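As structure tokens, the structure follows; a few thoughts come after it.
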Amino acid sequence: MTQKRIVLVTGASRGIGRAAALHLARQGDLVIAVARSKAALEKLDDEIRALGSEAILVPMDLKDAKAIETLAKVLDEKFGRLDGLIGNAGVLGVIGPLQSCGPRSFDETITANLTANFNLIRTLSPLLNRSDAPRTVFVTSAVARHPRAFWGPYQASKAALEAMVLGWADENENLKIRANIFNPGGTRTSMRAEAMPGEDPMTLPSAEDVAAELVKLVAADETRTGILVNYRDLVA
Ligand code: NAP
């Protein structure tokens, strides 16, 4: 059984999640890297191996609740515990007038950004409870608390994610699991470029800088719970 901290990162194929996976690997943690794109995960794996560290690649669609159950079962059999969970994967969905979003697209955004994290919490809690210092963090967006025109499904999914995670943190207040929320703010990734095509990406913090703060929330010495951490406040 590995002595390393075992940390699962969703959305590890690119952007903030990929940068977080590399940070964790660099500090010697065992990364469970989840995303749909197998090729991108394999490229990440090459980089992690080059650092002298290791990763477990899990190419899967987080919208598939059964696949999450299988993942939890496999991790249970292989490791028997989980020390950290970074619920970072997300999709933008339709950016436009709310009525222009079809019901299928709306459901997909909610499933990827909210329901997947519910299923991760549901199935991985027993493994987290077997860790000495289980730490979890879920990635939100400023629009969860400051909704604006055209961001309908995305901001609804993030607002619900925050409510769900903060409620869960409260349930665990006297238990070992710590659960927090992290708002990266505008970050130089493909999601941001899709949302704000006219913006100069070089005016934004890099995914690496943002991820360096994100991973601190799954470190064993992070004892806070039920809080929102804004990246911009940390670097102001
Ligand atoms: P990104 O570059 O688009 O990366 C999103 C990641 O999520 C990818 O690795 C993607 O992998 C994965 N993903 C999406 N749907 C998935 C699914 N159904 N199953 C498995 N993996 C899935 O986005 P990012 O900018 O790094 O965003 C990371 C988080 O930060 C998101 O939660 C986002 O909402 C939040 N955020 C970002 C910004 C920003 O300015 N960038 C601002 C506020 C909040 P595959 O496509 O390979 O599956």
Side-chain angles (χ1 to χ4, degrees), residues 8-23 31-45 55 57-68 70-71 85-95 104-105 107-120 137-148 151-162 164-165 181-197 199-215 217 228-233:
L8 190 151
V9 182
T10 69
S13 63
R14 61 173 184 271
I16 296 167
R18 182 179 208 279
L22 284 166
H23 269 284
V31 176
I32 318 284
V34 178
R36 287 166 300 184
S37 166
K38 191 162 179 257
L41 288 178
E42 282 168 354
K43 196 160 172 289
L44 171 72
D45 191 43
L57 307 184
V58 189
M60 63 174 279
D61 188 339
L62 287 160
K63 296 197 297 306
D64 182 345
K66 283 268 171 270
I68 292 179
T70 304
L71 168 64
L85 166 61
I86 301 185
N88 161 81
V91 292
L92 209 46
V94 168
I95 298 291
R104 189 154 158 202
S105 173
D107 280 351
E108 280 180 2
T109 306
I110 299 292
T111 306
N113 295 357
L114 172 66
T115 317
N117 286 308
F118 158 69
N119 282 314
L120 289 166
V137 60
F138 298 83
V139 180
T140 187
S141 163
V143 290
R145 293 180 185 207
H146 303 284
R148 59 166 101 126
W151 289 67
Y154 179 80
Q155 61 202 3
S157 70
K158 294 295 191 183
L161 174 69
E162 288 196 12
M164 180 179 75
V165 172
I181 297 167
F182 180 81
N183 173 23
T187 306
R188 199 187 314 148
T189 69
S190 55
M191 179 186 284
R192 180 71 180 191
E194 186 189 338
M196 302 281 185
E199 186 177 59
D200 175 1
M202 295 318 287
T203 60
L204 299 170
S206 68
E208 289 69 26
D209 287 348
V210 169
E213 296 300 327
L214 172 62
V215 299
L217 292 166
L228 165 67
V229 175
N230 280 301
Y231 174 74
R232 290 296 195 282
D233 295 342

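None of the values given here were measured: they were computed from a predicted structure. Atoms within a ligand are numbered from 1 in the order they appear, just like the ligands themselves.
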May I ask you to check whether [X] has an N/O atom sitting below 3.5 Å from an N/O atom of ligand 1?
X: Leu62; result: yes
X: Gly11; result: yes
X: Ala112; result: no
X: Lys158; result: yes
X: Ser141; result: no

So, 4.0 Å and heavy atoms of [X]: is ligand 1 close enough to count as a contact?
X: Val34; value: no
X: Ser190; value: yes
X: Glu194; value: no

Backbone, side chain, both or neither: what part of Thr189 comes under 4.0 angstrom of ligand 1, heavy atoms only?
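The answer is the side chain of Thr189.
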
With a 4.5 Å heavy-atom cut-off, do [X] and [Y] have their side chains touching?
X: Met191; Y: Tyr154; result: yes
X: Pro184; Y: Val139; result: yes
X: Thr203; Y: Asp200; result: yes
X: Val137; Y: Val165; result: no

Distance filter under 4.0 Å to [X] heavy atoms, resulting ligand 1 atoms:
X: Gly186; result: 40 (O)
X: Arg192; result: 40 (O), 41 (N)
X: Ala35; result: 11 (O), 20 (C), 21 (N), 47 (O), 48 (O)
X: Gly90; result: 5 (C), 7 (O), 14 (C), 32 (O)
X: Gly185; result: 38 (C), 39 (C), 40 (O), 42 (C)
X: Asp61; result: 17 (C), 18 (N), 19 (N)
X: Met60; result: 19 (N), 20 (C)
X: Val91; result: 14 (C), 15 (N)

[X] side chain to [Y] backbone, donor-acceptor under 3.5 Å:
X: Asn88; Y: Ala12; answer: no
X: Arg188; Y: Pro201; answer: yes
X: Asn230; Y: Arg232; answer: no
X: His23; Y: Val215; answer: no
X: Ser141; Y: Ala144; answer: no
X: Asp233; Y: Val229; answer: no

Regarding [atom]: of the candidates [options], which has the closest heavy atom?
atom: atom 36 (N) of ligand 1; options: Ser37, Gly93, Pro184; value: Pro184
atom: atom 13 (N) of ligand 1; options: Ala67, Ala89, Gly87; value: Ala89
atom: atom 28 (C) of ligand 1; options: Leu161, Asn113, Asn88; value: Asn88
atom: atom 14 (C) of ligand 1; options: Glu199, Lys63, Arg36; value: Arg36
atom: atom 40 (O) of ligand 1; options: Thr187, Thr111, Leu204; value: Thr187

Test Val9 against every option in Ile86, Leu214, Ile32 by the side-chain contact (heavy atoms from CB on, under 4.5 Å) rule and name the one that passes.
Ile86

Glu162 and its side-chain contact (heavy atoms from CB on, under 4.5 Å) partner, picked from Thr140, Asn183, Leu114
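Between Glu162 and the candidates, side-chain contact (heavy atoms from CB on, under 4.5 Å) is satisfied uniquely by Thr140.
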
I need the nearest protein heavy-atom contact for [atom]: residue, atom name and distance, please.
atom: atom 26 (O) of ligand 1; result: Ile16 N, 2.9 Å
atom: atom 11 (O) of ligand 1; result: Ser13 OG, 2.9 Å
atom: atom 44 (C) of ligand 1; result: Thr140 O, 3.1 Å
atom: atom 34 (O) of ligand 1; result: Tyr154 OH, 2.6 Å
atom: atom 1 (P) of ligand 1; result: Arg14 NE, 3.5 Å
atom: atom 23 (O) of ligand 1; result: Met191 CB, 3.4 Å
atom: atom 35 (C) of ligand 1; result: Val139 CG1, 3.6 Å

Could you walk me through whether His146 and Trp151 pass the side chain to side chain contact (heavy atoms under 4.5 Å, CB included) test, one step at a time?
CA-CA 10 Å; His146 303 284; Trp151 289 67; over 6 Å; no

Could you tell me which residues satisfy side chain to side chain donor-acceptor pair (under 3.5 Å) with Thr10, sequence neighbours excluded, listed by chain and number?
none

Hey, is Glu199 close enough to Arg192 for a salt bridge, meaning N to O under 4.0 Å?
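Here Glu199 pairs with Arg192 in a salt bridge, since their nearest N and O are under 4.0 Å apart.
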
Is it true that Asp61 and Lys63 have a side-chain N and a carboxylate O under 4.0 angstrom from each other?
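Result for this pair is yes, salt bridge flagged.
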
Would you say Thr189 and Arg14 are linked by a side-chain donor-acceptor pair, where the criterion is simply a distance under 3.5 Å?
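Note: Arg14 and Thr189 side chains miss the donor-acceptor criterion.
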
